[in-house]
Amino acid sequence: MKAKVLVRYGEIALKGKNRGEFEQQLQSNLKNAVSDLGGRVARLHGRLLVTGPEQNFDKIIDRTSKTFGVVSVSKVRETELDLEKIKVLAAEIASEIPPDKLAFRVDTRRSNKDFPYDSQEINHSLGAYLQSIRPELVVNLKNPDFTIYIEVGFDKAYIYQDRVAGPGGLPLGVTGRCLLLLSGGIDSPVAGWLAMKRGMALEALHFHSFPFTSRRAQEKAVDLCRKLAVYGNVIRLHMISVTSIQKEINENCPKDYSIILLRRMMYRLAEKLSLQHNLQALVTGESLGQVASQTLESIEVVSKATSMMVLRPLVGMDKTEIINKGIEIDTYETSILPYEDCCTVFLPKNPVTRPRLENVLQHEANLDIDALVDEALATLETKTVAAR
Ligand code: ATP
Ligand code: MG
């Protein structure tokens, strides 16, 4: 027996001439998501239909409802374009409804205008039929216990009862490719997820200070990538040691500027890596005003270390909103595990909150920037992290 899942997508249908490209990308992303489950994806009119073995139905629903671009999914029963056959299937569903849930309605969407009955006629005809076979049912349009949805397509009709919400957004890959600066914290995975939601394929970059930070801190970055990969199939994770950089800064520059200087080095490394891997923008979990490094002045001075575009998807969110999103996408539990981030190793007591670029440049004159960048890049390790 085959399970059939009807996939709805919203925004992409509105995108005019890009529509074809978007639908193709969504179809290919869905295919990637379900192919190991024996799932196949077909295009219907303004919908996609995923078909797969019944025993994998729960997984197929789970994965399709975590694919960006998907607005909602439903397990459907399929029948020929024949009102009598539609009635039989609707009756099957109605017969499974428990006796304390008797208020119902029928809701039809007809894409196929050649079908001889319009939506209202189908609603009425089915409503009357269901009451004729189960007289205790009552029609309630405003507040039903259950709804029987009908979609009249071009080849088939689909009948279903429930919708599972998808994440919405745009299919991964349609807007470009970017590099997520992924710490072990709460914010950056959420920022990455939001960038993915807007159609960006991600690679991730994590900076560590091994042996000052434990291996477990790096594994945390891997675990976070695995969580993000649930929404993006696989994610390439790059890891670079900034231990020498932190030591050099610590020995040669004022403590209050050390975080700013380290951040600028991170941006330089991220830029080099992006060039090598053809990535168009950096994504960070920065938001305004949480800590000294996130005042407007700090963000500005740090971002002047790169000419790349830096996207900061969290800038409009409060901390509680970020945390709630982290819980929803299942990164939060991993983020709060107590393994040290590299920045805490040489953390100054009083970091500067309003750094000045001329001071930064003066301090950087004490460092051999190019040599430090090369030395750090030589520590690069890259892993491909899959969701499963
Ligand atoms: P997060 O919760 O993501 O760690 P945060 O609130 O701790 O962020 P900061 O420490 O100021 O804020 O870091 C701001 C951003 O800089 C992070 O969201 C991340 O994008 C980047 N970043 C910081 N530390 C690292 C790191 N060790 N590796 C990669 N990126 C980092
Ligand atoms: Mg952090």
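Atom set for the values below is all heavy atoms of this structure, side chains included, hydrogens, waters and symmetry mates excluded. In listed order, ligands and their atoms are each counted from 1.
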Would you call R215 and E219 a salt bridge, taking side-chain N to carboxylate O under 4.0 Å as the test?
no

Geometry only, no angles: is M266 polar-contacting ligand 1 at N/O separations under 3.5 Å?
no

Quiz: residues 381-388 side-chain donor-acceptor pairs under 3.5 angstrom, not counting sequence neighbours:
from	atom 1	to	atom 2	distance (Å)
T382	OG1	H238	ND1	2.8

Evaluate F207 for polar contact with ligand 1, using N/O atom pairs at a separation under 3.5 Å.
yes

With respect to S74, which candidate in K4, E151, R8, R163 satisfies the side-chain hydrogen bond (donor to acceptor under 3.5 Å, both in side chains) definition?
R8

If you count the atoms of ligand 1 from 1 in the order shown, which ones are under 4.0 Å from a heavy atom of L205?
29 (C)

Please state which option from K319, E286, R263 has its nearest heavy atom closest to atom 10 (O) of ligand 1.
R263

Heavy-atom contacts with T284 under 4.0 Å: which atoms of ligand 1 show up? List them by number with element.
20 (O)

Number the atoms of ligand 1 from 1 as they appear, then name those within less than 4.0 Å of a heavy atom of I186, with their elements.
2 (O)

If the threshold is 4.0 Å, N to carboxylate O, is there a salt bridge linking K349 and D256?
no

Taking the minimum heavy-atom distance to atom 25 (C) of ligand 1, which of A191, G285, S183 ranks first?
S183

Can you find a side-chain donor-acceptor pair between T64 and T67 that sits under 3.5 Å?
no

For G185, take its heavy atoms, then give the atoms of ligand 1 lying under 4.0 Å from any of them.
1 (P), 2 (O), 4 (O)

Check whether NZ of the Lys or CZ of the Arg R77 lies under 6.0 Å from the centre of the six-membered ring of Y158 and within 45 degrees of that ring's axis.
no

Is a donor from one side chain sitting under 3.5 angstrom from an acceptor on the other, for S65 and R63?
no

Ligand 1-proximal atoms of L180, by part, heavy-atom distance under 4.0 Å
neither

